[in-house]
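Here is the structure we will look at, set down as structure tokens.
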Amino acid sequence: MSWDTVYRIVKRIPRGRVTTYGEVARALRLPGGARAVGYAMAATPRGRGIPWHRVVGAGGRIRVPERYAALQRKLLQTEGVPTDGIAIDLKRYGWSPATKRPAKRKTRQKR
DNA sequence: CATCTGACGACCG
DNA sequence: GCGGTCGCCAGAT
């Protein structure tokens, strides 16, 4: 596996939603590999359509350096994700990469 | 091959 | 709730 796998998942994050490093790592069957995911995100090339800003730390807390945190919060707010508080409400804006099953969405998700 | 590092996570005090 | 430690994985040296 490589970071390409991480990018693939990150790119699937719907607009207006966020996920955590841990979730991505779990989706890759790498529990505990959240760190590697974060490292991958740090090396994420800009301009490739990779919504890196939709990946946050556990609990929806921002885990990026200030210089990027400001931009990330702004981008998220632009997408409709309130980041004013200490953390993002994952219960509402969280998105599980492993649960991405829009196949038969009989029960539509609330937002 | 041995070590260190890092946009992490779970635990513990 | 906050800060420190340990364990985790992939890459770079």
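Chain letters run A, B, ... following the sequence lines, proteins first and then strands; every chain starts at 1.
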Atom-pair distance ([atom1] on [X]; [atom2] on [N]), nearest Å:
X: A:R46; N: B:dA7; atom1: CZ; atom2: C1'; result: 11 Å
X: A:L28; N: B:dC8; atom1: CG; atom2: P; result: 16 Å
X: A:I86; N: C:dG3; atom1: CD1; atom2: C1'; result: 17 Å
X: A:W3; N: B:dG6; atom1: CH2; atom2: P; result: 13 Å
X: A:M41; N: C:dC9; atom1: CE; atom2: P; result: 20 Å
X: A:R29; N: C:dC8; atom1: CZ; atom2: C1'; result: 18 Å
X: A:D4; N: C:dG11; atom1: CG; atom2: C1'; result: 16 Å
X: A:Y68; N: B:dG6; atom1: OH; atom2: C1'; result: 13 Å

Task: A:T19 (side chain) donor-acceptor with A:S96 (main chain) under 3.5 angstrom - done: no
TODO: Answer with base, sugar-phosphate or nothing: what part of the nucleic acid does A:Y21 contact at a heavy-atom distance below 4.0 Å?
DONE: base
- [ ] Under 4.0 Å between any heavy atoms, over every strand shown, what does A:G33 touch: base, sugar-phosphate, or nothing? Just pick one.
- [x] sugar-phosphate
Open item on the list: Among A:R17, A:R15, A:K74, exactly one meets side-chain contact (heavy atoms from CB on, under 4.5 Å) together with A:E79. Which residue is that?
Closed with: A:R15
TODO: Report the distance from atom CD1 of A:I88 to atom CZ of A:R73, rounding to the nearest 0.5 Å.
DONE: 9.5 Å
Task: A:T20 side, atom OG1; A:L90 side, atom CG - distance, nearest 0.5 Å - done: 7.0 Å
Task: Minimum-distance nucleotide to A:A58 side chain [options: C:dA10, B:dG9, B:dA7] - done: B:dG9
Open item on the list: With a 4.0 Å limit, can you tell me whether A:R35 has a side-chain N or O closer than that to the phosphate oxygens OP1/OP2 of C:dC8?
Closed with: no
Open item on the list: Between A:A34 and A:Y39, which residue's closest nucleotide on DNA chain B lies nearer the 5′ terminus?
Closed with: A:Y39
